[in-house]
Amino acid sequence: MIDLCQWRASIGSWNCCQAATGRRSHYDSDQESLPTRDCTSGRNKAPVFQASAVDLISFIIFFILLFCASRLTPTGHCTSFQLLVGDDILKWLQLCVGASVIGSFNLFTVSFNLYFYFLLILLSGDVELNPGPVTDKPLKPDDAPSLLRSASAELTGMIASTLYKVTDLLYAQGLISLDTKEDIYEGKDNNSKKAGRLLITLQKLLEASSNQKQYLINVCYILLSQNLVPLKEITVPILKELGKLISDDQELKVTIILPPDDVQEYAEILRHRYNLQPIIAEDWPPRVGKDFFGRLTLIEGQNMIKRAEQQIHWHMLRGEVDKIPYLSGNREIKIEDLLKTKNFTLLKKNKDVDVDLYSSQNIVIDGPPGIGKTTLCRKLLNMWSNGVLGCLFDLVLYCPLRNSKVAKAEKLEELFRYVYDCPTILNIVDWVSKKHGKGLLIIFDGWDELSLQHRESSLVANIICNNQLAKCSVIVTSRSYATASLLKTLKYVSKHVQIIGLSTKELSTVIIKTIQEDSDLAEKLINENANNEFFKTTQYNKDSELAVKLINELKVRGDVQSLCYIPLVCSMVILVYCKAGGHLPTTLTQLYENFILQTIQRHIERKHGTDPETLVSLETLPSKLDKALKELSYLAYTTLADTKMTFSLQQLDLSVAEAAKEDYLGLLTKFEEFGEKKYQFIHLSIQEFLAAWWISKHDNTETIFNDYFDNEHFKMCLRFVAGLTHLENESYQQYFEKKKQLQCESSPLGDFETSWFNGFIQHARGFDFEELQVLLLQFLYESQNTTLCKLFTNSIEGQSLCLNRKAGISNSVITKLSLFEWLCFSYLINNADWDRLDLHKLDEQSLSVLTAGLSNTSLVSQCQKLKVMPKNISDSNLLLNFFAKALLHNIQDIIVLFERNTCDLVPTLIQLVTLPQLKVLLFGGEICTDLDETTYIRKCSELQQCIKTNSKLQTIVIFCYDLSTHKLLEPFVAGVINGITQNKMITSFTLKLLSSYSDHHALTDGVIENLLRNNNTLQDLSITIPNCYIPLPVNKMNVMSTLTSLEIESGSILMNLLLPCIKGLECLILPLPYPPRLIFDSHPNLQQLNIQLDTAKSINDLFTILQTNTKLEALLVKLEIGSIFTICSIGRCNYSYYKKKCMSASSYISIITTGIKRKNCLQKFSIPVFLPITNEKLKSFLNVISKKYSFRELEVHFKLDQTCYYFLNDEKKIMKTFFYKQILPDIFHMLQSHPTITKMSIVCEYLEESSDTNTTAIEELFHRTRFPSLKQLEIKRTGSQCMIKTFTKNVVEYLYWGLYRYPITREIKMYIH
């Protein structure tokens, strides 16, 4: 079937009807492309047809076909020849000719088909006559892979005719690898299939290329060099799409200049040799991974020398290696981009140096020992051998400067002979010299190992500085400390690159590829865990399981993982882990002790042939080895104290004779700098451990520990000391017994709360965990000293610790502990007795680490109160394990708030309810389950039974929100309420349903009525159930409750249902307006009230009642929007509407002033005040407050007129001035004379200012004002959650007892939003 949508592609070869003459092509090569050789090709001009010719031919064909059809009878069957017709053509024919005619005979159909096909062919060459439908998106000019893909079908046949010549040229120019060339030559398939495979390889290499456009251009040049017209007609349009414009009237000139045969043979030998050598060299410890090396970060900008001098010790930033690429002037680059952009940076001050004269690249690569500099060099050699670097270089030489033949070479041929000696070396050297090194790359590995003499004057130095072979590209590697001297030597630098080690993601890959030797299984394991934080495996393979276990352990052991970015240390960790049978030692000290022991075992086996198994501990080494270790340890301590990483033994004048005899036990590396032998420990952490070993064996260990305790440089060393000594000496106790203020406290000024239900839910304020001194926590874990854990806990006041640090209202700076710190913390918790712990937010990994660290049977670890906020938990078994720990056996108060969990929480709630000593429970989270409906309902019934039988539980608070399905709601709520109904101990119950579902009932009919009727012990009820969850119709309750406190946060149905049947409340909190007179008539002994007012009448009624009420102690008033209007409302918005319903701000302030004037027992008062008002009204209000000695806590909200949608800038400015010039001074003046107010909150949200604005003036007012009773003052000027500034002053007061007086210091704190 021929699809009309594809007909242009089917007949595209019939391009004989072009309206214009053929055009010739012209090509000019540039510097980045392949060089060219002359060749010429002609082009036949196609015949020209006019549109009239098309019409004439089509007319003749139509009548010939019609005539033939009319002479044939319709009988018989056309079986030998049949043409399938597309549906669109058939429908057209049926419409124009008639369905009966079309169906009567086949030849007529064939005639019409032939006519249309001939017509389409004739029209196909003229776009104007028949542009044809467009089905595919046009190719992007720079989309090189798509361009090659679209031409691949035509190229396959054309390349087959000149397959071997094209293959040779592609290989010679580095566009394909030797393996590809061998496959073409040795394959048994025909040339067409080989050409197809070659195109597949080119397509893959093109897509993998970092410069796809240039790669395809180079391939096209080689195809053009074959002087074949079909290849030219295919490649020239591709070059045009790539921006290489070629005019058709110019002869095509393409030249391919290949190196001499001797050079090509030499290059092929080098490629073969480089491919045979492993990318990872065998050394000690065994190198990790298969082809991994440190990441590269490019240092950009000027002053490279200065920056190199300053960044010598950058690698000492343990655990922060991932931040290095983002430091100022740095950016991470890929190895494929290392040799690309010629971004020259002048280093000499001479401004006359013309960088354009240099066509080569000078690249400097530096990094610390073991980071992978040599590995990177080997990787570059491998890339060149396999054509990844394209045709950038004809030859690449690898010259390690530690080799004396390279360092002392005087002639270029000596470098070539070192790499590979052959009879044609002189010819190759002569060719390279004539080209001034163009096309040659030399990698000099180890500038730091070159002597001072050879740095100043040698063949190597001349090549590096471009004094010889000016067009030769050079890569020089160096250790970090010697980089500055290298940069001073160079005239210019293309790139300065640092190797920064393995990233966290690469580390996992390295571990898998090192431990799992089966490459297929390794790749599968990597792919399985591409998006996993913690790794898993489905492979029943020991090596895969070991690798996954180590990766997950390192996630927890951040102290070890942060060192593993250095491949050498990573190798050390893997070595110890595998030797220990798949276990990491408990502490970092044990890990390093194990590695150093294995290093010494390896040393004696190689040097003395002694059985290494005879050495079982560093404490029991033979005398010679023990003396050598002591010498090295003292050397490590001395150099660490002087902050030296590299050193000369002669300058130090230390005796290391025994260590020298033992080749320094393999723990030192030797190199030469400026003609002097220098040494360096194989890694800084090895130096720190050996220094700690010497300190631990010294007579004055405790004194040295104390001397360096505050030395940042010695922190890791002292941690090793803690691990070696276990901090058993009593002198170490001084660091852990200092008193610490880390306990949980109430919020300094929380939101004004009158609810009795909020007494338990305190706004905890702790301290940033830095103040706990993480170093001490690490010392505790490293020492494994349980006595110090108890001492540390007793030093925290009240054995109460908060990880949630709050600086004020609605603001908290949460401490984020690493997984390793959670491990240390679990050790501390597990070995001490606690009163209260606030662990704040715990994700699944942190909770897993903490749970694993806590004991199941410890009698030491006990806790009375606990708060924890699990986050993103998907494993319900993890929660069950945590809440089953011994830490919770004596828990009395617990808060558990879940956030974004995906596991079933009902089993967790059941376990919490059954805690043997639990009295107060607050539980909140998303109620979801993976159980079937029947099993879930059975679990809810089990929950009901557990609540019913609990004889200790007194207070229970349940928050439900974001339910996964509304079907879960009713059985869960019924189970909780029915359980409380049957429980005779619970006195306080809070239930809040905050789910967004609105199409399902949450309450079973009569469940609330049963609760109030059958439970006589319940006193406090707080309930939040939206109207949509209550089944209708609602029947009036015929029950009288004994409740004393009621809170209803939402739902008019529930409010109107409960209030009429409840009398004699002492605390009432309502969400919606309710007549004040009805409230006080039903509850004459009311002591606390939160109420919302919405009309002038309700405002009048409330404050009229207050004039005679003598019971109310706490009052919080909120006003519905539009309840109060000011002068700003007149002439704006809906003033006329609001005026009918509400009262003016002036009348309002007068009414509340009068209402509280005669009230003598009100202690807590929160009231809104609307601006603008007159100064007299404000002073009168504050004057009344100043005389109300019953007040203890006061909160005033200054608000703008709610009936206005906007205020002019001038009006806002006036009111802002009024706040600072009048309101604040007047309030401070009132507080100055008030003898009983301890807490004051001033809220003025309309200012919308940050905590920095006008803060100085407020601080001065605060310090010069005397406050007789005030302890906490809050000034909140913005509605946003901003940082809070805290100010403190102390006031000395005297308590008189007879003739004696005692000074008492009262602390006053001010918090400014």
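For this chain, numbers begin at 1 and follow the sequence in order. Note that the structure is a prediction, hence the values are computed from the model and not measured.
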Atom [atom1] of [X] and atom [atom2] of [Y]: how far apart are they, to the nearest 0.5 Å?
{"X": "Thr1044", "Y": "Leu1018", "atom1": "OG1", "atom2": "CG", "value": "8.5 Å"}
{"X": "Ile1091", "Y": "Ile1099", "atom1": "CD1", "atom2": "CD1", "value": "10.5 Å"}
{"X": "Lys1276", "Y": "Phe1198", "atom1": "NZ", "atom2": "CZ", "value": "15.0 Å"}
{"X": "Phe923", "Y": "Leu897", "atom1": "CZ", "atom2": "CG", "value": "9.5 Å"}
{"X": "Ile1048", "Y": "Thr1024", "atom1": "CD1", "atom2": "OG1", "value": "9.0 Å"}
{"X": "Leu1021", "Y": "Leu1058", "atom1": "CG", "atom2": "CG", "value": "7.0 Å"}

Point to revise | Plane angle bin for Phe1103 and Phe1165 - parallel if under 30°, tilted between 30 and 60°, otherwise perpendicular | key: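 Geometry flag for Phe1103 against Phe1165: perpendicular rings.
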Please check: side-chain N/O of [X] versus main-chain N/O of [Y], any donor-acceptor pairing under 3.5 Å?
{"X": "Arg1013", "Y": "Leu1011", "value": "no"}
{"X": "Asn950", "Y": "Val913", "value": "yes"}
{"X": "Ser1180", "Y": "Lys1177", "value": "no"}
{"X": "Thr1238", "Y": "Lys1271", "value": "no"}
{"X": "Ser1241", "Y": "Glu1195", "value": "no"}
{"X": "Thr955", "Y": "Ser988", "value": "no"}
{"X": "Ser1186", "Y": "His1234", "value": "no"}
{"X": "Gln982", "Y": "Asn978", "value": "yes"}
{"X": "Ser1082", "Y": "Lys1063", "value": "no"}
{"X": "His1197", "Y": "Val1243", "value": "no"}

Check your understanding: side chain to side chain contact (heavy atoms under 4.5 Å, CB included) between Ile1152 and Ile1167: does it pass, once the steps are laid out?
Key -> CA-CA 9 Å; Ile1152 63 175; Ile1167 191 74; 4.0 Å; yes
Under a plain distance cut-off of 3.5 Å, with no hydrogens placed, do [Y] and [X] share a side-chain donor-acceptor pair?
{"X": "Asn1015", "Y": "Thr1017", "value": "yes"}
{"X": "Asp1226", "Y": "Gln1222", "value": "yes"}
{"X": "Ser1147", "Y": "Ser1150", "value": "no"}

Got [X] and [Y] here, is their nearest side-chain heavy-atom distance under 4.5 Å?
{"X": "Leu991", "Y": "Ile977", "value": "yes"}
{"X": "Ile1275", "Y": "Leu1224", "value": "yes"}
{"X": "Asn1109", "Y": "Leu1112", "value": "yes"}
{"X": "Gln954", "Y": "Val920", "value": "no"}
{"X": "Lys1239", "Y": "Leu1194", "value": "no"}
{"X": "Ile895", "Y": "Leu866", "value": "no"}
{"X": "Glu1047", "Y": "Pro1071", "value": "no"}
{"X": "Asn1090", "Y": "Leu1070", "value": "no"}

[X] to [Y] - nearest heavy-atom pair and separation:
{"X": "Val1117", "Y": "Pro1168", "result": "O-CD, 3.3 Å"}
{"X": "Ile1173", "Y": "Ala1145", "result": "CG2-CB, 4.0 Å"}
{"X": "Cys946", "Y": "Ile910", "result": "SG-CG2, 3.7 Å"}
{"X": "Leu1086", "Y": "Cys1067", "result": "CD1-N, 3.8 Å"}
{"X": "Phe959", "Y": "Lys992", "result": "CE2-CD, 3.1 Å"}
{"X": "Met985", "Y": "Asn983", "result": "N-OD1, 2.6 Å"}

**Study point:** Identified side chain to side chain contact (heavy atoms under 4.5 Å, CB included) counterpart of Glu1120 within the set Asp1094, Thr1095, Leu1093
**Key:**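 It is Asp1094; the other options fail the test.
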**Study point:** Residues which pass salt bridge (Lys or Arg N to Asp or Glu O under 4.0 Å) with Arg1077, listed by chain and number, not counting sequence neighbours
**Key:**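 Checked Arg1077 against salt bridge (Lys or Arg N to Asp or Glu O under 4.0 Å); matches are Asp1101.
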Check your understanding: Quick one: salt bridge (Lys or Arg N to Asp or Glu O under 4.0 Å) partners of Lys984, sequence neighbours excluded?
Key ->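 None.
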Practice item. Apply side chain to side chain contact (heavy atoms under 4.5 Å, CB included) to the pair Leu1116 and Leu1089, showing each step before the final yes or no. Key: CA-CA 6 Å; Leu1116 184 149; Leu1089 175 64; over 6 Å; no
Review point. With sequence neighbours left out, what residues match Tyr1148 under ring pair (Phe, Tyr, Trp, His ring centres under 6.0 Å)?
Key: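 If we apply the ring pair (Phe, Tyr, Trp, His ring centres under 6.0 Å) test to Tyr1148, skipping adjacent residues, the hits are Phe1170.
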Practice item. Salt-bridge test for Lys919 and Asp893: reply yes if a basic N is under 4.0 Å from a carboxylate O, no otherwise. Key: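 Between Asp893 and Lys919 there is no salt bridge, as every charged N stays at least 4.0 Å from the carboxylate O atoms.
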Review point. Are any of the side-chain nitrogens in Lys841 or Glu899 under 4.0 Å away from the carboxylate oxygens of its partner?
Key: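 Glu899 and Lys841: salt-bridged.
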Review point. Should Leu1046 and Ile1069 be marked as a side chain to side chain contact (heavy atoms under 4.5 Å, CB included) after you check the CA-CA gap, both sets of side-chain angles, and the distance that decides it?
Key: CA-CA 6 Å; Leu1046 176 64; Ile1069 300 174; over 6 Å; no
Point to revise | Tyr936 and Phe972 aromatic centres sub-6.0 Å | key: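 No: the rings miss the under 6.0 Å criterion.
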